[in-house]
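To keep things clear, I will list the structure first and then write my remarks on it.
Excluded from the calculations below are hydrogen atoms, water molecules and symmetry mates; all remaining heavy atoms, backbone and side chain alike, are included. Each ligand, and each atom within it, is numbered from 1 in the order the structure gives.
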Amino acid sequence: MIKLPVIPDERGNLSFIEEIKHIPFEIIRTYWIYDVPGGEKRGGHAYKENQEFIVALSGSFDVVLDDGKSRKTFSLNRSYYGLYVPKGIWRQMENFSTNSLALILASTNFDEADYIYDYKLFKNYVK
Ligand code: TYD
């Protein structure tokens, strides 16, 4: 979990992310996940090369990370915290609150060949 800068202001707070400085990669792609129906899960895969940084810009959700040996759940519910997901980590997003908004910064362009969708293949890959 990485704490981001906060510029507190009576007019409303401001936070920001600079590549390399606040997160350990150059930002090649940005996407966001929103309008998630109650109970739905996103993710459930790993990337061979892509690294990500996930921020709950609004609302809350959990990110479950799994390195093939152990599994840990991170609750994201503040827009000034983000979760760094290195390459080669299985990740799933769940427990989205109503109107939650997940911002995801990624280190590579979208490439379906970079995905590992099968958990058994992932376990073999990390071995
Ligand atoms: P996917 O990464 O599988 O979403 P999640 O991890 O939340 O389940 O992507 C879902 C679909 O969106 C898939 O068809 C690929 C497409 N997609 C893009 O075209 N570009 C992107 O940058 C991303 C993240 C997904």
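- Distance check on atom 18 (C) of ligand 1: some protein heavy atom falls below the 4.0 Å cut-off.
- Residue Ile33 touches ligand 1 through its side chain alone, judged by heavy-atom distances below 4.0 Å.
- Salt-bridge formation is not detected for the pair Lys120/Asp118: no Lys NZ or Arg NE/NH1/NH2 atom is positioned less than 4.0 Å from an Asp or Glu carboxylate oxygen.
- Of all the heavy atoms of Arg29, the ones lying under 4.0 Å from any atom of ligand 1 belong exclusively to the side chain.
- Less than 4.0 angstrom separates atom 12 (O) of ligand 1 from none of the non-hydrogen atoms of the protein.
- In terms of protein heavy atoms, atom 2 (O) of ligand 1 is closest to Tyr115 OH, 2.5 Å.
- There is a protein heavy atom less than 4.0 angstrom from atom 21 (C) of ligand 1.
- Protein heavy atom at the shortest distance from atom 7 (O) of ligand 1 is Arg42 NE, 2.8 Å.
- Ligand-side atoms of ligand 1 in range of Gly43: 5 (P), 6 (O), 7 (O), 8 (O), range being under 4.0 angstrom from any heavy atom.
- For ligand 1, the atoms lying closer than 4.0 Å to a non-hydrogen atom of His45 are 2 (O), 5 (P), 6 (O).
- The aromatic ring centroids of His22 and Phe53 lie 6.0 Å or more from each other.
- With a 4.0 Å cut-off on non-hydrogen atoms, Met93 does not touch ligand 1 at all.
- The distance criterion of under 3.5 Å between nitrogen or oxygen atoms is not met by Tyr31 with respect to ligand 1.
- Using modelled atom types and a 3.5 Å distance limit, the side chains of Thr73 and Asp62 yield no donor-acceptor pair.
- Each of Thr30, Ile33, Val85 was compared with Ile104 under the side-chain contact (heavy atoms from CB on, under 4.5 Å) criterion, and only Ile33 meets it.
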